[in-house]
Structure formats: C-alpha cells, structure tokens
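Because the structure is predicted, anything quoted here is derived from the model rather than measured. In what follows, every chain begins at residue 1, and chains take the letters A, B, ... in the order their sequences are listed.
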Amino acid sequence: MADTDRAASMDKIVALCKRKGFIFQNSEIYGGQNGFWDYGPLGVELKRNVREAWWRDMVTLHDPLDAPAGAPAPFQMVGVETSIIMHPQVWKASGHYDLFVDKMVDCRECKGRFRQDHMASIPCPNKPSKMAGEHDACQLTEPRDFNLMFKTIIGALGTEEDAAFLRPETAQGMFTNFQNIVDSSRVKVPFGVAQVGKSFRNEITPRNFTFRSREFEQMEMEFFCPPDQSREWYEYWRDRRYNWYVNLGIESDNLILRDHESDELSHYSVGTADVEYQFPFLPEGEYGELEGVAHRGDFDLRSHMEGKLVKDENGCLVVEKDENGQPRHRGSGRDLTYFDDTAFERDKESLGVKSFKAYCEQRSGENDPGAPYRYIPHVIEPAAGADRATLAFLCEAYFEDEQPDEKGKLQSRTVMRFHPRLAPVKVAVLPLIKKGGMPEKAKELFHNLKTAGIVCQYDEQSAIGRRYRRQDEIGTPWCVTIDGQTVDEDNTVTLRDRDTLEQVRLPTDEVVDEVSRRLRSS
RNA sequence: GCGGGUGUAACUCAGUGGUAGAGUGUCAGCUUCCCAAGCUGAAUGUCGCGGGUUCGACUCCCGUCACCCGCUCCA
C-alpha cells in the first residue's frame, strides 16, 4: 500500500471512530485539547476488552502450579492498583525527576527551541554551517526547565514546597510495594506483579491520533526473578508478549519484535525488545511501539534502597553523589533484598551449614557473602500501552470489501474485523421484519443474552441488509435473525457470521450457549 | 517549538462580501421474509474560537485553538 493510501485509510479510521462512537477528541466543544482523547460508548467496551484480555492472560488464567509453555519454571502472579500521585522522592530516586527535567533554550531570532545538552550538535536553522547559538545573529534565552512530568500541588494551601507529580509510568508503584507484596501474599521469587492504570507525560509533540497522548493507560508487569535466571525470563516474556497480540488477531506482517541495539538501551537495561505495529499513519515499513519488554536488572529496587543510580566510568551502577559526597537523591534506606529460603533449604545440606547465618559467616571474606541466596531480584518489565494496543486493534480490524446487495450488485462494505473477544458488541438480535410476532420473539432472546452477561444490541430499524452493515461497521461478530420460520414453524433462528456472511440455523434456546461457546473458543 | 496545509450538519464535501446547501447517516410513518431496497416526512449548523476592517464577514485581515504533513522531540 502506498503511503498516501495508508494516510487515507488512517483518516477513514479516525472518521469511523468518531462517527460510531469509539474515540472522541477531549473537550471538543471547546476546541479540543492537544494530546487528550475520550472513549465513546463503543470505544470504552473495546478498551475494556483489551484490558481484560491482558489481565486474564497475565493474572486470572495464570496457573502458578505448572510452568506455562516455554517458561523456565512455574511462577506466581499477583495484581496491584497503586496511586497516581506518589511521594516526590520516588521520582528523584528512580531517575525520572532528573531525566524528565530538560533544560531548553529558545532562540528569539530563528524561533528554534533546543535542548541545552544537545545544542552543540544541532545546526543553527538560519546558518546550518554553524551550530545552534553560535551564529552571530542568535539571540538565546536563558535555559528554562521543561518538565515532562505533570506537576501538581498537594494541599489546598500548597506551595512549591508541596509540589508532586502525576506518575509518568505505573511501574514505580510495584517497586515501592515490593516488600509489602512479598510480606502479605506468600509469593516467592520468581513472581510477577501486574498493574493497569493511567500515566501522564507532558509530551512536547502529541501526535498521530491516540498514539502519543499526554494522558494514557499502561498495562505493566514487573517480574522479579533470581539474577542468574533473568536472561531466560527476559526471553520468555519477550516472546510471550509478542504472541499475545498475534493471538488477538494482529497479522504478523504488521507486527514485529525488535531487539534494541546496545546504544539504544536505557542506562539501566541489559536488554530491551519492542513489540511494534505498522500503523497506517507511519510510512510503509515503519513501525510504532506497542510495548517495551525490558530487562532492568536490579536497577529499580536498588534505586529505592540506595538512591538515584548512575553508571560510573566502568559502566557499573553507583549512587550518584552531590558536591558534598552525599547521595544526590537518597533512596528509602529500606532493605529490599530477597532471601530465597527455598533454594537455601534445598542446598544447605550439601553446603554443610545449619543456618543461613552460618553460611554467611563461612563466606565472610566474599564480596557478597549471602549470594546466591540473598539477592536483589532482577526485573523483567513488559510495559504495554493500552491505548496503543486499542488503536492497533482498531487499525488492524478495518477492512473494506465488496458484497452483493439484494439485487446482486456489488456494494462496498466497511467491516471491523475485531477478534470476537475484543469486539465491543458480541451479538445483534434482529427481527427480520417489524411484525408477525418477530419483534416479540427477538426481544425475548435479547433479554436472555443480556441476562447471560453478553454485550448485545437489539435493532428492528430499517431493512435487514442495512442492519447487517451497521453491525459490520462496529465489528459485531454475529447477528441473530428471527424470521417467519422462528415464529410459525420450529423456533429456530439464523446466526450470521460477520466475516464469511454464512448463516447457520439453530434453536433459539441454544443461542446463548452457542455464543458463549464461540467466545470461549475464539 | 518551527515551516506548510486544513477547519462549513454526525460523516464526506460544495458554496458566495448581503447571516448557508448536497450526498450519506440519523429519526418517524408506510412497505419489506435475509445482506447499504422503495415511497413520504422530519430534525440538526451562532460556517473551529476571539478580535478587527466594513452599512454588512462563512467569505478580507490579525490573533488563537485543533487536526494533517515535514523538521525537532520521543525516558
């Protein structure tokens, strides 16, 4: 597909999102706000389904007794929901505070804005032979702070002293609760903590529909494992997360798993891979990030123990010091190490020691006498964007094809081919015509579907063909039609498939079970 | 943030210095026994927002907001 076609299809998707109630611009009646979006009646169902598919896969269906296929070992998985505003020190210790506060310099002459630490390598827009700020005509402002974290004030009389931040990622809530979770829920390493929630970033350039928003929702999981197994776990989660998208209907041609180059890695990461989708708003062959799966080592827990970490000249993580030799941003001072009692109990006989204390004393000369039984767990973090995944599913579902109308003439059809589990509406109940007892019969079935908790719609408005198309356009996988045969003969209905247009007849009483069965097996 | 483009009904878009139309969609009625059918009727816009010029602005000018494209940015 040419790039112009790709852009055109994106325009159609955006228009459909608005027309059918998937996604609206936030505060639209006031002119809108850059970087903020609202989900409409169908969008909220779709996004809920995305979230639930993730939570089900991660938490609800996870069986801690057996290792899932491909996993190095059995593991446990729990969920949390932590607050959006956290203690300001969290962001200082994690590094976000320093990292997100960029010094920016404006040029009054060329109207350019530059990151102060990048200026030496950015050509002056007016005189590209010189670097920004070095041309005689340049009129630079003083460097100013640009904080990518949303700032707020705690307390009604709050001053700048009471400044706090909306979280730019949900992950820190899992790290700061690490000890609480270990102490309260009897989990043992390796285990994961999952969370779904809103995050906020003051993006400089929100763009591409909901892809880069200032308020967005993340589906993050922090997986804590022994340091010597972290590589295997990283590879496991990377592949498993890629497959999650494939299983929910993303064609593998549009989806890639891309390992980061070493110079692309965050300062704390020893390995990161992105799950990326070929969005229609990108040029052909370019992909946008849906999810980052990062091997974060012990960076996060260590930061919250010791304080903000930086790499020293040897590439080792050390606490960053201020001019007085004190930590630049102190940590909590809590001991967040983990004692692997299972492994120690297993090994202690062969080690010839009675207690862990004795083991440590025996190894008192070592660098880390508690190793490998007491350690800071390493972290594997699959961090997915719920809005980005939702957008990818929307783009992937969009199809235009041609189907014959009642006169046999081909008519174009817009159909959203959502995976049935993601479809906002699962089934529509349609009386073929508005009389002959069909509406009554249809309403009865509709009530039964409702009672069974299946999201469904009832529609008796206008011709049957048009109603099918309406449902196609919002991606409803099945339509049940009540006709004369239902009422006058054998109480059977037709069940129409969105993609094949094929119809099967089945007894009205079996519709709820059949739809449930199809949803389960999809 | 910079440069370019765009902004008229729910959607797609016409339009003119004299306060607005089409198609689709939506709604109501009739008809209709399976894929955007037909007929009849109806509702909807302060022409993105604010200011200026003008007797009069949707139209011209300025500002602003939003969207798209290109740069920049992207933990």
For [X] and [N], give me the distance from atom [atom1] to atom [atom2], rounded to whole Å.
X	N	atom1	atom2	answer
D11(A)	U6(B)	CG	C1'	11 Å
K12(A)	C11(B)	NZ	C1'	13 Å
D459(A)	C35(B)	CG	C1'	14 Å
R212(A)	C68(B)	CZ	C1'	16 Å
E28(A)	G7(B)	CD	P	16 Å
E400(A)	C35(B)	CD	P	22 Å
F281(A)	G70(B)	CZ	C1'	16 Å
E460(A)	C34(B)	CD	C1'	17 Å

Can you tell me the pairing partner of [N] across any strand shown, Watson-Crick or G-U wobble, with both distances under 3.5 angstrom?
N	value
C73(B)	none
U16(B)	none
A66(B)	U6(B)
G25(B)	none
A57(B)	none
A37(B)	none

- prompt: Between F209(A) and A463(A), who's closer to the 5' end of RNA chain B by nearest nucleotide?
  reply: A463(A)
message: Between E473(A) and F36(A), which residue's closest nucleotide on RNA chain B lies nearer the 5′ terminus?
response: E473(A)
Plane angle bin for [Y] and [X] - parallel if under 30°, tilted between 30 and 60°, otherwise perpendicular:
X	Y	answer
F279(A)	F281(A)	parallel
F175(A)	H304(A)	tilted
F209(A)	W37(A)	perpendicular
Y97(A)	H329(A)	perpendicular

message: Is it the case that the side chains of E28(A) and Y30(A) hold a donor-acceptor pair, with the cut-off being a distance below 3.5 Å and no angle test?
response: no
- prompt: Taking atom types as modelled, is there a side-chain donor on R505(A) or T492(A) under 3.5 Å from an acceptor on the other?
  reply: yes
What's the gap between [N] and [M] when it is taken at their [atom1] atoms, as a whole Å value?
N	M	atom1	answer
U19(B)	U8(B)	C1'	14 Å
U44(B)	G23(B)	C1'	16 Å
C39(B)	G5(B)	C1'	44 Å
G38(B)	G50(B)	P	41 Å
A42(B)	C2(B)	C1'	49 Å
A20(B)	G45(B)	C1'	9 Å
U12(B)	G4(B)	C1'	24 Å
U6(B)	G63(B)	P	16 Å

Tell me whether the side-chain N/O atoms of [X] come closer than 4.0 Å to OP1 or OP2 in [N].
X	N	value
R466(A)	C34(B)	no
Q485(A)	C34(B)	no
K435(A)	U32(B)	yes
N208(A)	C69(B)	yes
R467(A)	C34(B)	no

Base, sugar-phosphate, or nothing for [X], non-hydrogen atoms under 4.0 angstrom?
X	answer
A15(A)	sugar-phosphate
K18(A)	sugar-phosphate
N34(A)	sugar-phosphate
T494(A)	base
Y30(A)	nothing

Candidate nucleotides [options], ranked by approach to the side chain of [X] - the nearest:
X	options	value
K434(A)	C33(B), C2(B), U32(B)	U32(B)
Q503(A)	U32(B), C35(B), C69(B)	C35(B)
T414(A)	C33(B), C27(B), A36(B)	A36(B)
R470(A)	G29(B), C27(B), A36(B)	C27(B)
Q25(A)	C33(B), C67(B), G1(B)	C67(B)

statement: When H295(A), E235(A), R296(A) are each screened for side-chain hydrogen bond (donor to acceptor under 3.5 Å, both in side chains) with S230(A), the one that passes is H295(A)
field: Any N/O donor-acceptor pair, E203(A) side-chain to C73(B) base, under 3.5 Å
entry: no
task: Check if the side chain of R496(A) and the base of C35(B) share a donor-acceptor pair of N or O atoms closer than 3.5 Å.
output: yes
- request: Could you tell me whether the side chain of R241(A) reaches within less than 4.5 Å of the side chain of M58(A), counting heavy atoms only?
  value: yes
task: Identify the residue among R388(A), K47(A), R167(A), K198(A) that makes a salt bridge (Lys or Arg N to Asp or Glu O under 4.0 Å) with E217(A).
output: K47(A)
